[in-house]
Amino acid sequence: MTDFTTLTGCRLPIIQAPMAGVQDSRLAAAVCNAGGLGSLPAAMLAPEQLQQQLDNLTRATSKPFNINFFCHTPPEADPVKEQHWLSLLKPEFERLGLDNTVNTSGPQRQPFSDIQAEILEPYRPAVISFHFGLPSKPLLDRVKSWGSKVISSATTVAEARWLETQGADAVIVQGLEAGGHRGHFLRPDLEEQQSRNTLLQQVKEAVQIPVIAAGGIASAKEVEAVISQGAVAAQVGTSYLLCPEATTSPLHRDALTQARDNPGSRQTVITNLFSGRPARGLVNHLIQKFGPINQEVPDFPLAAVSIAGLRAKAESQGQDDFTPLWSGTNLSGCQDISAAELTQLLASTITRV
Ligand SMILES: Cc1cc2nc3c(=O)[nH]c(=O)nc-3n(C[C@H](O)[C@H](O)[C@H](O)COP(=O)(O)O)c2cc1C
């Protein structure tokens, strides 16, 4: 019985990272059925979609699963800032033959609230994970009263300590290598954040709760390495993006495949242009033109709305110019193989020990 099995009930110490926008319950169920902890990202799901996805997930697996939410504070609308950003983007709208009015039809990112808790309660997930901190104390107490274990990402030692003090059952160390949004919530300075192994070592010394390693883990050898450094499990995102069970778009799959096969051809960078919060993805036109970090961008998550029209038009023409191509720095594990196969592959060295 490992610490991770005790914590989650899972056989393999592999967490398929929740990845909003590129997966649904199908990927999560496939990983759960293979013995890992599959995750359903719920940050971009409307309440009725969350209900549907939970039904699908629990029909597809009887194993423990993780449901993931964001905990950001939605910003006040700032029409002046939004208009200014749109005026900077005007040449891009003109190039695509669009007027630069805001298209609000895309999915929005909502923080965890009583609405989602109400839907979630009957399912009592083994694990609930959060990004950008933790929800309010009453909400946290509510989900813990179901017996769900609560985990959340830390990008610094201070965040790991904070999560432990607030009652998290385990902490995910998110190294700078990680794809998608940086999970920071105490301070926004990227300079204070570290690569996975350095942070893992420091957090292991700073907290008593179990530590999970994330960021750039793409092989059985790397899983074994983080476990030998004291992590109870590895949380892996980017490597699952090419699995047939993921909903990763063809444009995103092509960009990942090209970057994997031609190292150096297309780098990943941390950018705030797509959502208003720093996140790691492959360089594309928007980043080359305005970023990677731009202080004029509307606050998270409003920036996604500003470029929604540009993104939709470019994608309809087969262009990834405005598409967030989230990816971690290590693409070597991206393969068009089933999620079950990938999960077993990642765990293959430790299960032999
Ligand atoms: C496409 C993509 C989407 C992501 N979306 C989420 C999310 O919705 N919630 C979350 O907690 N983490 C999200 N992450 C971050 C992961 O939890 C994790 O930190 C990261 O994938 C680990 O690094 P790796 O991608 O190098 O394996 C996302 C990562 C990627 C690549």
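Remember, it's 1-based here, ligands and their atoms both numbered in the order they're listed. Starting from 1, each residue takes its place in the sequence as its number. Note that these values count all heavy atoms, side chains included, but never hydrogens, waters or copies made by symmetry.
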Would you mind checking which non-hydrogen protein atom is closest to [atom], with the distance to 0.1 Å?
atom	result
atom 25 (O) of ligand 1	Thr238 OG1, 2.5 Å
atom 4 (C) of ligand 1	Met19 CA, 3.4 Å
atom 8 (O) of ligand 1	Ala20 N, 3.1 Å
atom 17 (O) of ligand 1	Gln235 NE2, 3.0 Å
atom 1 (C) of ligand 1	Trp326 CB, 3.4 Å

Quick test of your reading of the model: are [X] and [Y] salt-bridged, counting only N-O distances below 4.0 Å?
X	Y	answer
Arg253	Asp336	no
Glu92	Arg95	yes
Asp141	Lys137	yes

Going by the closest heavy atom to atom 6 (C) of ligand 1, which one wins out of Ala218, Pro18, Ala17, Ala213?
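That would be Pro18.
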
Any idea which of Gly179, Pro324, Gly237 brings a heavy atom closest to atom 29 (C) of ligand 1?
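Nearest heavy atom to atom 29 (C) of ligand 1 lies in Gly179.
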
For [X], atoms of ligand 1 separated by under 4.0 Å from a heavy atom:
X	value
Gly216	23 (O), 24 (P), 26 (O)
His131	10 (C), 11 (O), 12 (N)
Ala178	19 (O), 20 (C), 22 (C), 23 (O), 26 (O)

Answer with yes or no whether Asn68 contacts ligand 1, where contact means a heavy atom under 4.0 Å from a ligand atom.
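Within the 4.0 Å threshold, so yes.
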
Do the rings of His131 and Phe70 sit parallel, tilted or perpendicular, given the 30° and 60° boundaries?
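Answer is tilted, since the angle falls between 30° and 60°.
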
Report the part of Gln174 (side chain from C-beta onward, or backbone N, CA, C, O) that has a heavy atom under 4.0 Å from ligand 1; answer both or neither where that applies.
side chain

Is Phe70 touching ligand 1 with its side chain, its backbone, both, or neither, if touching means heavy atoms under 4.0 Å apart?
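The answer is the side chain of Phe70.
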
Could you tell me which residues satisfy ring-ring contact (aromatic ring centres under 6.0 Å, His included) with Phe112, sequence neighbours excluded, listed by chain and number?
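Counting only residues at least two positions away or on another chain, Phe112 forms a ring-ring contact (aromatic ring centres under 6.0 Å, His included) with Phe69, Phe130.
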
Work out which heavy atom in Cys10 is nearest to a heavy atom in Gly35; give both atom names and the distance.
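That closest heavy-atom pairing would be CB-O, 3.8 Å.
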
Suppose we screen for salt bridge (Lys or Arg N to Asp or Glu O under 4.0 Å). Which residues come up paired with Arg142, at least two apart in sequence or across chains?
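Counting only residues at least two positions away or on another chain, Arg142 forms a salt bridge (Lys or Arg N to Asp or Glu O under 4.0 Å) with Asp114, Glu118, Glu121.
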
Please check if the number of heavy atoms outside Arg187 that lie under 6.0 Å from its CZ is greater than 12.
no

Can you confirm whether Asp99 sits close enough to Phe93 that some side-chain heavy atom of one is under 4.5 Å from a side-chain heavy atom of the other?
no

